[in-house]
Amino acid sequence: MIRHVAVFRFAPEFAPAERERWMSLLRALPERIPELRSMSVGTDVLGGPASHELAIVADFDDLAGLEAYTRHPAHAEVLRISAPVKVSLATVDFEIQDAS
């Protein structure tokens, strides 16, 4: 299984209501992208100096599933919203043992 982790920092003009709408679209992706086994979305609760504002953790069966997610129109839709207000993005994709 492949785990995809992404952490974000945003420009101040990314209003709270727009962030909530964006996070709702992210949370709906498992229903829209068959290759996406699960997704968690959350905002940082500590606000430390090295903290990012928001993170996603997504699981896929394999690299082909991750690639399908990356190319999927539903993923492109969330990117269109976040791209103009994204200040920083860091990602890590790694293999994990399937828990099932």
Side-chain angles (χ1 to χ4, degrees):
M1 184 183 320
I2 301 296
R3 177 154 290 162
H4 169 70
V5 179
V7 293
F8 300 83
R9 287 188 184 126
F10 296 106
E13 56 268 14
F14 196 27
E18 189 64 12
R19 283 183 200 224
E20 286 301 320
R21 184 171 93 65
W22 182 73
M23 291 187 337
S24 293
L25 290 172
L26 280 169
R27 290 183 179 115
L29 289 179
E31 299 167 7
R32 300 180 69 193
I33 304 174
E35 294 84 359
L36 178 52
R37 289 182 65 176
S38 67
M39 176 176 274
S40 298
V41 178
T43 56
D44 180 61
V45 296
L46 294 179
S51 292
H52 282 64
E53 296 173 49
L54 184 133
I56 67 164
V57 177
D59 291 333
F60 304 88
D61 287 328
D62 50 32
L63 286 172
L66 175 58
E67 291 171 17
Y69 160 81
T70 301
R71 293 187 314 270
H72 197 281
H75 181 248
E77 180 181 350
V78 298
L79 292 180
R80 276 191 296 280
I81 294 169
S82 60
V85 291
K86 178 179 61 190
V87 172
S88 173
L89 168 64
T91 63
V92 176
D93 302 290
F94 58 96
E95 278 191 281
I96 62 170
Q97 295 297 315
D98 193 344
S100 58

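Remember, it's a predicted structure, so these values are computed and weren't measured experimentally.
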Of all heavy-atom pairs linking His52 and Phe8, the shortest is CB-O, 3.3 Å
For Ser40, does its backbone N or O pair with a side-chain atom of Arg27 as donor and acceptor, under 3.5 Å? no
At their closest point, which heavy atom of His4 faces which heavy atom of Asp93, and how far apart are they? ND1-OD1, 2.5 Å
4.5 Å side-chain heavy-atom contact, Asp61 and Met1: no
Side chains of Leu54 and Val7, heavy atoms from C-beta outward: is any pair under 4.5 Å? no
Do Arg21 and Ile81 come close enough that some side-chain heavy atom pair is under 4.5 Å? yes
I'd like to know if Leu63 and Met39 are part of one continuous hydrophobic network [Ile/Leu/Val/Met/Phe/Trp/Tyr, side-chain heavy atoms within less than 4.5 Å]. yes
Taking the side chain as every heavy atom from C-beta outward, state whether Arg19 and Glu53 have any atom pair closer than 4.5 Å. yes
Verify side-chain contact (heavy atoms from CB on, under 4.5 Å) between Ile56 and Leu26, making sure each step is shown before the conclusion. CA-CA 9 Å; Ile56 67 164; Leu26 280 169; 3.9 Å; yes
Heavy-atom closest pair, residues Glu35 and Ala68: CD-CB, 3.6 Å
Between Leu36 and Ala58 the two heavy atoms that sit nearest each other are CD1-CB, 3.6 Å
Atom CG of Leu46 and atom OG of Ser51: how far apart are they, to the nearest 0.5 Å? 6.0 Å
State plainly whether one hydrophobic cluster holds both Val41 and Leu89, where clusters connect Ile, Leu, Val, Met, Phe, Trp and Tyr through side-chain heavy atoms under 4.5 angstrom apart. yes
How many angstroms lie between CZ in Arg80 and CD in Glu77, if you round to the nearest 0.5 Å? 6.0 Å
For residues Ala74 and His72, report the shortest heavy-atom separation together with the two atoms involved. N-ND1, 2.9 Å
Grab the two heavy atoms, one from Leu25 and one from Val78, that are nearest each other, plus how far apart they are. CB-CG1, 3.6 Å
Are Asp59 and Arg37 close enough for a salt bridge, meaning some N to O gap below 4.0 Å? no
Nearest-0.5 Å distance, CZ of residue Phe10 to OG of residue Ser88: 10.0 Å
Would a hydrophobic clustering, with Ile, Leu, Val, Met, Phe, Trp and Tyr connected at side-chain separations under 4.5 Å, put Val57 with Leu66? no
Between Glu95 and Arg3, does any NZ, NE, NH1 or NH2 come within less than 4.0 Å of an OD or OE carboxylate oxygen? no
Kindly assign one of parallel, tilted or perpendicular to the pair Tyr69 and Phe60, based on the angle between their ring planes and the thresholds 30° and 60°. tilted
